[in-house]
There are 2 protein chains.
Amino acid sequence: MSSDKLPTRDKILKASLYLLETGNGDGVRMGDIAKRAGISRQALYLHFATRAELLVAVTHYLDKLHGTDQRLAASRAAKSGVERLDAYIDAWGNFIPEIYGVAKALLAMRDRDEAAAEAWDARMQDVRHGCAAAITALRDDGMLSEDYSQTRAIDILWTMLSVRNWQQLTIQCGWSQKEYITHMKSLARKVFVKA
Amino acid sequence: MSSDKLPTRDKILKASLYLLETGNGDGVRMGDIAKRAGISRQALYLHFATRAELLVAVTHYLDKLHGTDQRLAASRAAKSGVERLDAYIDAWGNFIPEIYGVAKALLAMRDRDEAAAEAWDARMQDVRHGCAAAITALRDDGMLSEDYSQTRAIDILWTMLSVRNWQQLTIQCGWSQKEYITHMKSLARKVFVKA
DNA sequence: CCAATAACTTGACACTGTGTCAATTGACAA
DNA sequence: TTGTCAATTGACACAGTGTCAAGTTATTGG
């Protein structure tokens, strides 16, 4: 392993990420992670009290690796509201496949594990802020359709862009990533941009 | 209990349904169901080999109770394609809250349990057929937007009307059921009906 | 009336995966 | 030397599912 000299915490994060991203995302157990990181299962608990806590840390690690904040923030550079909507869909939509392994594991825990649910919801709240910014920009341009209140428009965009929907459309329905992005953009325009 | 004279199998289904629908849908264990049905946990296994199998049976039982098929089929009576789209959204959209307890439990198992996943997917395939019928009716009227192929349009409608989306919009975003239905109809028109 | 059968009960147990606890080791530093 | 920190080993509690075996009860048919 090339990570022999990394601090243990980083070895754990790296190992978790590897297992989450390769494999199908199923069955990444604490023991599996420990083995991959080359430490004992108990050493894991020295660094992360629970599996949920570890998974949350992995999402943060992932964000740092991919520069999520910057990439999402980039959509704010767009001039018009419509461009900004497009840019946001581009940024977030192309981000989903990169985080999918981790997202899937967190999502699977969501229904049972309080901590995992909170962690996931917190991250989705960030996405919601991005959606809100895009919708607000549209409204400020006077281009937001009058069919929905601003809040409802945000609710809809946020729901449209959920990881679950991405999963259904790409993985289940077989859309290519490119198709996903273009269709989502077209959808968003039809729904939100004043005719 | 008023179900003393029911066959055991029905007592089990009834008890499962009760627990799934009341409670938050969490923690409906085999033991809980047995207790509620007034039988031993092991007797459950005499009727259903696994929890997944039981849950599937519950969905069928539920369908019979609510007359799902008839209600969904009713949307076929609509004359124009647009009316039919509306009618389908009405029928299915108002059906979701009734099955939500069971759906939630099945959905929570989906990620881990192969059998549960298959059962759920099979049921969602039925919904897809309904979506396909609505989209086809629209196309036959020459009213389907040319922005999407028929398959893609079905994919989109199907995804829009997913239980997960209903959950997010009503339970998380706080939409009323009425609001959900009207917004979904408006959304579908904007997206699918030729301008 | 006896015997077979089916439905059910009781209780013990295996298995998986998470999380806990305690005793121990090895390294490095004051 | 002593202290301390990170890690190790191994045992264990706990939940929940599913299995197994032996015993009970009621019904029914010869």
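To find a chain, count down the sequence lines: A is the first, B the second, and so on, and within it residues start at 1.
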Notebook entry, point to check: OP1, OP2 of dA6(D) versus side-chain N and O of H47(A): anything below 4.0 Å?
Noted result: no
Next item on the list: Could you go through the salt bridge (Lys or Arg N to Asp or Glu O under 4.0 Å) check for R110(B) and D121(B) one step at a time?
Entry: CA-CA 9 Å; R110(B) 216 208 99 102; D121(B) 291 349; 2.4 Å; yes
Notebook entry, point to check: To the nearest angstrom, how far is R9(B) atom CZ from dA6(C) atom C1'?
Noted result: 17 Å
Item checked: Salt-bridge criterion met for D147(B) and R152(B) (N-O under 4.0 Å) -> no
Checklist line | S186(A) and Y148(B) side chains, donor-acceptor separation under 3.5 Å | finding: yes
Notebook entry, point to check: Whole-Å distance between dT19(D) P and F48(B) CZ?
Noted result: 15 Å
Check: If you take atom types as modelled and just measure distance, does the side chain of R41(A) reach the base of dG10(D) with a donor-acceptor pair under 3.5 Å?
Finding: no
Check: Rounded to whole angstroms, how far apart are OH on Y45(A) and P on dC21(C)?
Finding: 13 Å
Check: When you check the side-chain N and O atoms of Q125(A) and W158(A), is any donor under 3.5 Å from an acceptor?
Finding: no
Note to self: What is the distance, to the nearest angstrom, from the CG atom on L44(A) to the P atom on dA6(D)?
What the structure shows: 15 Å
Notebook entry, point to check: Nearest-Å distance, CD (Q42(B)) to P (dT24(D))?
Noted result: 17 Å
Next item on the list: Figure out the CG/P separation between L46(B) and dT9(C), and round it to whole Å.
Entry: 9 Å
